[in-house]
Structures are given as C-alpha cells and as structure tokens.
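This is a predicted model, so every value here is computed, not measured.
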Amino acid sequence: MSTSTLGHSLTITIPFPSSRLANIAERALNVDKELKSDQVKRSITTDDDKLIVAFDCASVKMLRVSVNSLFDMIIMITKTMDTFDGLE
C-alpha cells in the first residue's frame, strides 16, 4: 500500500510455483475477512505467480496478529495444495 490511513502498513509478496496456484491461494484467503475491519484493512491480489498481501493496521500489535494469521493460513493452503494438487 502506498498510503497508510491507519498508521502501520506492510506489503508481503509470496511466490508460488504457478499463477494457477497463486490464484487458488488468493481465492481461499479472500473468503476470510478480517474480524476487526475498523482496525485492519487487508488487500489480497496476484501478479502472475506471486500472491501480494497488503495490510494497513491501526497498531503494530494488530499488524503482527494479522500477519501471523496470514502465515498460518498460507501454511495450511500450501500443505493442502501439496496433498491434493496433481502435477501441472
């Protein structure tokens, strides 16, 4: 994010083996909305084989909690992909 309206921002870019898998991760993550939407704004997009997640948070604590939650979900998504996705 170029402009932080809540005070603390972070953009994370996560590479995937293919654009298809990055899009699957984006769709899976977009289902879950932030619980404290007044304190955390999250944007999830893809650019080819990269998943891009941008956070804008009211406090450093909310940013940490949101990023930790994202990584927990990414771990679950990638393990599921490894288990159920065949070779392309």
If hydrophobic clusters are built from ILVMFWY residues whose side chains come within less than 4.5 Å, do [X] and [Y] share one?
X	Y	result
Phe71	Phe16	yes
Ile12	Ile77	yes
Val65	Met73	no

### Pairing residues for Thr13 by the side chain to side chain contact (heavy atoms under 4.5 Å, CB included) criterion, not counting sequence neighbours
Lys50, Ile52

Atom [atom1] in [X], atom [atom2] in [Y]: separation rounded to 0.5 Å?
X	Y	atom1	atom2	value
Asp56	Leu63	CG	CG	9.0 Å
Ile74	Ile14	CD1	CD1	4.0 Å
Ser66	His8	OG	NE2	12.0 Å
Gln39	Cys57	CD	SG	9.0 Å

### Summary
Of all heavy-atom pairs linking Leu21 and Met81, the shortest is O-CE, 3.1 Å

Quiz: residues 23-30 side-chain donor-acceptor pairs under 3.5 angstrom, not counting sequence neighbours:
unit_1	atom_1	unit_2	atom_2	d
Asn23	OD1	Thr46	OG1	3.0
Asn23	ND2	Ser19	O	3.0
Asn30	ND2	Glu26	O	3.3

